[in-house]
Amino acid sequence: MHADEDPGRPVAYEALAVGTPVHDRQGERVGTVSKILAVGEEDVFDGLVIETGLGTRFIDAPEIARIAEHRVDLSLTSAEIAARPKHEESGQTFEAPVPSGRLQDLWHRITLRRLWRRD
């Protein structure tokens with residue numbers, strides 16, 4: 001099934017893969033996940049940097065409606081996303097590696113290994 005039809009199960013931000021499709025509140029695809037931002041010492045999710053047709057944009061954690069295995073849904077419209085300034089690098093970032101396959105993803109979940117790494 002396509003990600004537009006089946007978003008998959010809800011997942012924590014640590015399990016979110018770079019490249020996951022991102023959709024606005026109307027369900028239109030607006031980009032893909034570029035970076036997952038968090039405060040590592042406090043294990044606090046800060047938000048996402050998404051790659052759009054207009055460049056990168058920062059999406060604050062409260063503006064994310066749902067994170068699932070195959071897509072991220074935002075509470076913003078595409079116009080609100082496009083109106084934001086391009087994302088500027090600052091602070092620590094955490095990036096989840098793109099899973100190389102279902103078995104590896106299952107292995108990480110079984111062994112409770114974190115799916116993100118610190119830059």
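Keep in mind that the numbers below use all heavy atoms, side chains included, and drop hydrogens, waters and symmetry copies.
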Audit row: Leu48, Leu37, side-chain contact (heavy atoms from CB on, under 4.5 Å) steps and yes/no: CA-CA 6 Å; Leu48 300 173; Leu37 306 176; over 6 Å; no
For the pair Val72 and Val33, evaluate side-chain contact (heavy atoms from CB on, under 4.5 Å) and give the outcome as yes or no after the intermediate values. CA-CA 8 Å; Val72 174; Val33 173; 4.0 Å; yes
What verdict does the side-chain contact (heavy atoms from CB on, under 4.5 Å) test give for Phe45 and Ile36, after you've listed the backbone C-alpha separation in whole Å, the side-chain angles of each residue and the deciding distance to 0.1 Å? CA-CA 8 Å; Phe45 177 53; Ile36 297 100; 4.0 Å; yes
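Checked against side-chain hydrogen bond (donor to acceptor under 3.5 Å, both in side chains), Arg25 has no partners two or more places apart in sequence or in another chain. Partners of Phe58 by ring-ring contact (aromatic ring centres under 6.0 Å, His included), not counting sequence neighbours: none found. In this view, Gln26 and Asp24, Thr77 satisfy the side-chain contact (heavy atoms from CB on, under 4.5 Å) rule, not counting sequence neighbours. For Asp73, the side-chain hydrogen bond (donor to acceptor under 3.5 Å, both in side chains) partners at least two apart in sequence or on another chain are Arg66, Arg71.
Residue pairs meeting the side-chain hydrogen bond (donor to acceptor under 3.5 Å, both in side chains) criterion with at least one member in residues 53-65, sequence neighbours excluded, are Glu63-Arg84.
Side-chain N or O atoms of Glu51 include none that pairs as donor or acceptor with a backbone N or O of Ser34 at under 3.5 Å.
For the atom pair Ile67 CD1 and His70 NE2, the distance stands at 14.5 Å (nearest 0.5 Å). Taking CD1 of Ile81 as the reference point, atom CG of Leu76 lies at 5.0 Å (rounded to 0.5 Å).
Side-chain contact check for Asp43 and Tyr13: at least one donor-acceptor pair (N or O, by modelled atom type) lies under 3.5 Å.
Nearest heavy-atom pair across Ser78 and Val30 is CB-CG1, 3.8 Å. What you find for Ser75 and Pro62 is that their closest heavy atoms are OG-O, 4.2 Å. Looking at every heavy atom in both residues, Ala68 comes nearest to Pro7 through CB-O, 3.2 Å.
Inter-residue side-chain proximity for Arg29 and Pro21 is flagged as met; some heavy-atom pair is nearer than 4.5 Å. Inter-residue side-chain proximity for Leu74 and Ile59 is flagged as met; some heavy-atom pair is nearer than 4.5 Å.
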